[in-house]
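For ligands, and for the atoms within them, numbers begin at 1 and follow the listed sequence.
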Amino acid sequence: MTERAIPENELISVIIYTCIGFLLMSLVLVLFFYFSRKKIVKSTLEKKNLELQYQKDLLQATILTQEDERKRIARDLHDDISSKLNVVSLNSYLLAASELTQKEVVEITSNIINLTAKALENSRRIAHDLLPPTLDNFGLHAGVEELCMEFSSSKSVVVNYENRIHFSNSENDRLLHVFRILQELMNNSLRHGKATVITILFEEKNGLRICKYSDNGIGFDVNSQGSKNGLGMKNIESRIAFLNGAISINSLLNKGVEVVFNF
Ligand SMILES: Nc1ncnc2c1ncn2[C@@H]1O[C@H](COP(=O)(O)OP(=O)(O)OP(=O)(O)O)[C@@H](O)[C@H]1O
Ligand SMILES: [Mg+2]
């Protein structure tokens, strides 16, 4: 058998076509990687932008709440303390006037005593709102117990509270956030949910401290735009971020609200 030699020009064209084939394949591969990389970069950028927007929203909510809080404190100080001290001051000047009957002196003095007592009570209330003394002195457990009692005393709601964690008082600064979160959740349950039963449980699971909160109110659509208009829930999220925790909020209309967060 004799081997037929491949003609030289046929060999050259096979080599050229193979090279062109390889070149085309490489081009397709390069283009494929280029476009898929571009797509990945684009979706990563979009994700980062969404995260940034979310952080911005949280920051804005925090600033707005701080401003609201300042306004509220200013209003409380103005209406409940300054105005009363003004009248006390006026009454004291009156007392200094010489031509007063005994009856007038007694009247003005009792007025001053009443007003100073009220101003004192109000200043205690304002301080209490800013930093609940029970929480500050006796820790989160005592603070939450007192909060539950305050809500239960309104008789419109029963609060079941159970704590299976030992909290250290040295952590009070961080735990104040947990207290504020519960305060907001309870306010929402009464204001919006018209709940009659609230349940709070602190427990430890796999080394994580967890709070389970639920109410039996009218519930709400967690994804609706309306539920995103307030500041309360945004503040809760920024407090959770501060605590490096995570939160899940589940609710359905007429099925109450269930919130679980770790801290
Ligand atoms: N426990 C709940 N039951 C029913 N609806 C709720 C509950 N918690 C929240 N919502 C709904 O979610 C919305 C957002 O709550 P959020 O606390 O953020 O704002 P807000 O209470 O309306 O106002 P703010 O807290 O700023 O005073 C509420 O307006 C309400 O419609
Ligand atoms: Mg609220």
Side-chain angles (χ1 to χ4, degrees), residues 50-51 53-77 79-80 125-126 128-132 135 140 143-162 175-203 210-243 245-263:
L50 273 180
E51 269 171 26
Q53 188 57 42
Y54 175 71
Q55 300 289 346
K56 257 191 191 163
D57 285 351
L58 280 190
L59 191 68
Q60 197 184 6
T62 313
I63 293 170
L64 280 177
T65 312
Q66 269 182 2
E67 285 307 323
D68 271 0
E69 191 73 356
R70 284 194 183 141
K71 275 187 211 151
R72 192 183 59 76
I73 298 165
R75 203 175 45 230
D76 280 1
L77 284 176
D79 298 350
D80 298 341
R125 183 182 52 76
I126 293 169
H128 187 287
D129 282 351
L130 286 175
L131 179 61
L135 176 95
L140 181 66
V144 174
E145 246 179 355
E146 189 184 63
L147 187 67
C148 295
M149 260 164 51
E150 281 167 14
F151 272 84
S152 306
S153 68
S154 72
K155 302 280 177 236
S156 55
V157 64
V158 174
V159 187
N160 301 313
Y161 166 54
E162 192 186 339
L175 297 177
L176 179 62
H177 292 290
V178 178
F179 180 84
R180 294 288 185 220
I181 291 171
L182 285 175
Q183 212 172 19
E184 174 62 27
L185 289 175
M186 290 170 92
N187 274 325
N188 280 351
S189 293
L190 281 201
R191 241 175 84 201
H192 306 299
K194 310 280 174 263
T196 52
V197 181
I198 291 175
T199 310
I200 303 169
L201 167 69
F202 285 127
E203 64 175 354
I210 295 173
C211 177
K212 289 183 177 162
Y213 176 95
S214 63
D215 75 33
N216 69 339
I218 59 169
F220 69 110
D221 178 0
V222 183
N223 297 315
S224 72
Q225 192 48 45
S227 72
K228 298 192 167 79
N229 291 341
L231 287 179
M233 299 308 269
K234 288 202 186 91
N235 274 323
I236 290 182
E237 288 192 27
S238 57
R239 288 186 195 277
I240 292 288
F242 183 84
L243 293 167
I247 185 166
S248 82
I249 302 164
N250 287 306
S251 180
L252 285 175
L253 283 177
N254 299 320
K255 288 272 187 302
V257 173
E258 256 183 43
V259 180
V260 180
F261 63 90
N262 65 284
F263 52 97

Checklist entry - K228 near ligand 1, heavy-atom distance under 4.0 Å? => result no

Checklist entry - In Å and rounded to the nearest 0.5 Å, what is the CG to OG distance from N250 to S214? => result 11.5 Å

Checklist outcome for this item: atom 8 (N) of ligand 1 sits nearest the protein heavy atom N188 CB, 3.4 Å

Checklist entry - How long is the span from the CZ atom in R239 to the CZ atom in F179, to the nearest 0.5 Å? => result 10.5 Å

Checklist entry - Of all the non-hydrogen atoms in the protein, which one sits nearest to atom 26 (O) of ligand 1, and at what distance? => result L231 N, 2.9 Å

Checklist entry - Quick one: nearest non-hydrogen protein atom to atom 25 (O) of ligand 1, plus distance? => result E184 OE2, 3.0 Å

Next on the checklist: To check your reading of the model: name the closest protein heavy atom to atom 14 (C) of ligand 1, its residue, and the distance in Å.
Outcome noted: S227 O, 3.4 Å

Next on the checklist: Between R125 and D80 (salt bridge meaning N to carboxylate O under 4.0 Å), is one present in this structure?
Outcome noted: yes

Checklist entry - Please state which protein non-hydrogen atom is closest to atom 6 (C) of ligand 1 and give its distance, to 0.1 Å? => result F220 CD2, 3.3 Å

Next on the checklist: For the Mg ion (ligand 2), give me the closest N/O/S atom belonging to E184, just the atom name.
Outcome noted: OE2

Item to check | Name of the residue among V259, L182, L201 meeting side chain to side chain contact (heavy atoms under 4.5 Å, CB included) with C211 | outcome: L182

Next on the checklist: As a check for students: among G226, G232, G193, G217, identify the option with a heavy atom nearest to atom 24 (P) of ligand 1.
Outcome noted: G232

Checklist entry - Rounded to the nearest 0.5 Å, how far does CG of D215 lie from NZ of K194? => result 11.5 Å

Item to check | contact_flag R191 ligand 1 heavy-atom lt 4.0 Å | outcome: yes

Next on the checklist: If the cut-off is 2.8 Å, does any N/O/S atom of N187 fall short of it from the Mg ion (ligand 2)?
Outcome noted: no

Checklist entry - Tell me, which protein residue and heavy-atom name are nearest atom 20 (P) of ligand 1, and how many Å apart are they? => result H192 NE2, 3.5 Å

Next on the checklist: Regarding D68 and R72, does a basic nitrogen lie under 4.0 Å from an acidic carboxylate oxygen?
Outcome noted: no

Next on the checklist: Among all the protein's non-hydrogen atoms, which is closest to atom 15 (O) of ligand 1, and how far away is it?
Outcome noted: M233 CG, 3.6 Å

Next on the checklist: Please list the nearest protein heavy atom to atom 19 (O) of ligand 1 with its residue and the distance rounded to 0.1 Å.
Outcome noted: G230 CA, 3.2 Å

